Amino acid sequence: MQGAPLPAPRRTGARYCCRVLPVIGAIVAVCGVVLLSGSDPLSLASAIVPAATSSMHRFSGANRMASGAGLSAAHTGARDMLMQDSITRMPKGTKFHCNWVAGSKRALAGQAKADGSKYRIGVIGGGPSGAAAAEIFAKDKELETYIIERKMDNVKPCGGAIPLCMVDEFDIPESVIDRKVRKMKMISPSNRVVDVGRTLKPNEYIGMTRREILDGFMRNRSVDLGAIPINGLVTKIDIPKGDSDPYLVHYQDYEDKTAGGVGTPKTIEFDVLIGADGANSRVAKAIDAGEYNYAIAFQERIAVDEEKMDYYKDLAEMYVGDDVSPDFYAWVFPKYDHVGVGTGTVVNRPDIPKYQKAIRERAKERLEGGKIIKVEAHPIPEHPRPRRVQNRAALVGDAAGYVTKCSGEGIYFAAKSGRMAAEAIVKLMQGGTRLPTQQEIEETYIADYDKKYQATYVVLDLLQKVFYSSNAAREAFVEMCDSDYVQKVTFDSYLYKTIQGGNPIDDVKLLFSTVGSILRAQATTPKDRTFSNPVESLKRL
């Protein structure tokens, strides 16, 4: 959901630690009040997450700088040498584990392809992550770039919200943006309504898109730059046996119109593979990237009359309550000529039809007489995969698990990860003269991504556990969002992916007022409904 990102303040590592610990402590304190049981949970809510997020974002710049001093690449010429003086090794098994090696210093030896041909890059998946990666690769004319997408007009079920910074950072034209949301209504379990957006400046907004339009634009741009498109479905990937052997990708080619719609079986070789093929990633399975838990996102596109559509022209609604989701939120987001109405859940996926019925009921006043024009459902990853790089194959976007808890935001992080992975690999390949190694990709793309965004994932995970854990906590969450301070710092963190300051005193005041809100709500709010699905809840992708 995003203009040009504002420069993040620089802070030292010591200051980072001094500021992180109180915030984590505050969150833990709230967790204790809520009596969490450890619940887990598409993209507009990150504009509403509490001020604790702002605090973590304020130190994220410091984290990048402090850690960057230890994980800095010596860029000389074509980056012919990577230097790593002191990289923090993360415990094996953690969400962001990538087997970093401290203190290494290596020259990137040239090893041009023996037959004189160009190295071939295969980007599997044509959504924002794949398109962003293919665009970077296609700009390097010493590489031969392909982008494989099974459905060129794919309509992914998604809230479709993008932050303002993405509009400028990825050169998204206004023709791609259906609506500019400047107002939101937060509706609590008891139907208390809080208006959000009072702190937005006249030029600030959340962009609402349709994925078939956004994805198509980004993908076509990569093709215009030289990426070779293949309309096909990848069915199998043969992993290379030698260090320089290619990946053999089997796919059904849908370009052959004589094949009766099932496609013609074909194969193609790639020297580097980018897995941008979503939650059910074929690339992830081929490289044994491990499993992750997932949410089911369900959305109905509903055409409403002109009067009701005018109501939603720059307004979105977000509903919380265990009737619409036990661990997430439900939404009504405006699109070009209709609204997207949906919900999602991790912990009780079998009841998603019941939750969808409930959101239609709660929003019925403005949906009455509407016609359902499309029904969509899709799995959404809940955390990064245990492994995101194997040999010369790297995962990005949903395939890697880059969706935030609490907000469910994934579009920006998908595009950003695709670009970061491609930029790192292009530099490592030195004008198409060599192949990158697994360690090199981990020490650049993975390390850089984690250091930039790990704090965001951790804090939003905690916030979801706190504020989506019970109806009492949800009531407190909506009440908290009535604060101008909360609205400002959270919109800033969402729209620009950085925070320009913030007031620690106001943070402390907010903590105490939030604890008070939760205690009051616990005394007056009905308890959540119970449910049980012990078998289905263990399923993983």
Side-chain angles (χ1 to χ4, degrees), residues 26-27 30-31 33-36 39 41-54 159 161 181-200 206 315-333 341-345 355 358-359 361-363 365-366 405-409 459-460 462-491 493-494 506-507 509-529:
I27 292 175
V30 176
C31 291
V33 174
V34 185
L35 300 177
L36 294 182
S39 60
L42 243 204
S43 106
L44 198 52
S46 47
I48 321 297
V49 294
T53 311
S54 76
V181 169
R182 294 184 169 91
K183 297 179 292 184
M184 285 188 61
K185 289 187 180 293
M186 298 276 298
I187 299 96
S188 77
S190 65
N191 283 322
R192 172 182 177 175
V193 179
V194 168
D195 292 317
V196 178
R198 298 189 298 265
T199 63
L200 285 178
I206 298 165
L315 171 73
E317 294 177 330
M318 172 180 161
Y319 295 78
V320 290
D322 72 320
D323 58 329
V324 296
S325 176
D327 56 339
F328 203 50
Y329 63 93
W331 63 89
V332 180
F333 287 172
V341 181
T343 184
T345 178
Y355 300 135
I359 177 57
E361 178 63 25
R362 287 182 67 177
E365 181 181 343
R366 285 171 293 277
K405 293 282 192 75
C406 189
S407 67
E409 182 183 6
V459 171
L460 290 178
L462 287 170
L463 291 176
Q464 180 170 16
K465 287 180 168 67
V466 172
F467 291 106
Y468 292 163
S469 63
S470 69
N471 280 332
R474 296 179 189 106
E475 286 286 347
F477 174 60
V478 173
E479 181 179 330
M480 181 178 61
C481 290
D482 202 19
S483 159
D484 283 357
Y485 175 67
V486 170
Q487 291 191 27
K488 177 170 174 50
V489 295
T490 53
F491 266 117
S493 71
Y494 175 73
D506 286 340
D507 287 345
K509 289 180 180 178
L510 179 63
L511 168 64
F512 283 104
S513 67
T514 300
V515 171
S517 297
I518 292 176
L519 291 174
R520 288 193 302 273
Q522 283 182 326
T524 60
T525 305
K527 291 185 177 180
D528 289 43
R529 301 164 180 82

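Since the model is a prediction, treat every value here as computed from it, not as a measurement.
Taking 4.5 Å as the limit, some side-chain heavy atom of Phe491 sits within range of a side-chain heavy atom of Ile206. For the pair Asp528 and Pro326, the minimum side-chain heavy-atom distance is 4.5 Å or more. The closest side-chain heavy-atom distance from Pro526 to Asn471 is not below 4.5 Å.
Between Arg474 and Gly321, the shortest heavy-atom distance links the atoms CD-N, 3.4 Å. Annotation for Ser325 and Thr343: closest pair CB-OG1, 3.7 Å, computed over non-hydrogen atoms. Phe333 and Gly159 make their closest contact through CD1-O, 3.4 Å (heavy atoms, listed as atom of the first residue, atom of the second, distance). Ala358 approaches Asp323 most closely through the heavy-atom pair CB-O, 3.1 Å. Shortest non-hydrogen contact noted between Asp484 and Thr199 is O-CG2, 3.5 Å. Of all heavy-atom pairs between Gly408 and Phe328, the closest is CA-CZ, 3.8 Å.
With sequence neighbours excluded, no residue satisfies side-chain hydrogen bond (donor to acceptor under 3.5 Å, both in side chains) with Arg182. Under the rule for a side-chain contact (heavy atoms from CB on, under 4.5 Å), the partners of Ala521 that lie at least two apart in sequence or sit in another chain are Ala472, Glu475, Thr525. With sequence neighbours excluded, the residues forming a salt bridge (charged side-chain N to carboxylate O under 4.0 Å, His left out) with Arg192 are Glu479, Asp482, listed by chain and number. Residues satisfying the side-chain contact (heavy atoms from CB on, under 4.5 Å) criterion with Lys509, sequence neighbours excluded, are Ile505, Asp506. Shown here are the salt bridge (charged side-chain N to carboxylate O under 4.0 Å, His left out) partners of Arg529, two or more places apart in sequence or in another chain: Asp322.
A distance of 8.0 Å separates CG of Asn191 from OH of Tyr319, quoted to the nearest 0.5 Å. Note: Lys465 NZ to Cys406 SG = 11.0 Å, rounded to the nearest 0.5 Å.
Without hydrogens or angle criteria, Gln487 side chain to Asp195 main chain gives a donor-acceptor distance under 3.5 Å. When atom types are taken as modelled, the side chain of Tyr468 and the backbone of Leu463 share no donor-acceptor pair closer than 3.5 angstrom. Checked by atom type and distance alone, the side chain of Ser469 pairs as donor or acceptor with a backbone atom of Val466 at under 3.5 Å. With Arg362 contributing its side chain and Val320 its backbone, the two residues share a donor-acceptor pair below 3.5 Å.
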The test is side chain to side chain contact (heavy atoms under 4.5 Å, CB included); show your working for Asp507 and Tyr485 and say whether it passes. CA-CA 9 Å; Asp507 287 345; Tyr485 175 67; 2.5 Å; yes
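Using bins of under 30°, 30° to 60° and over 60° for the plane-to-plane angle, the ring pair Phe477/Phe467 lands in the tilted bin.
Under the salt bridge (Lys or Arg N to Asp or Glu O under 4.0 Å) test applied with Glu317, the options Lys183, Lys185, Arg366 reduce to a single match, Arg366.
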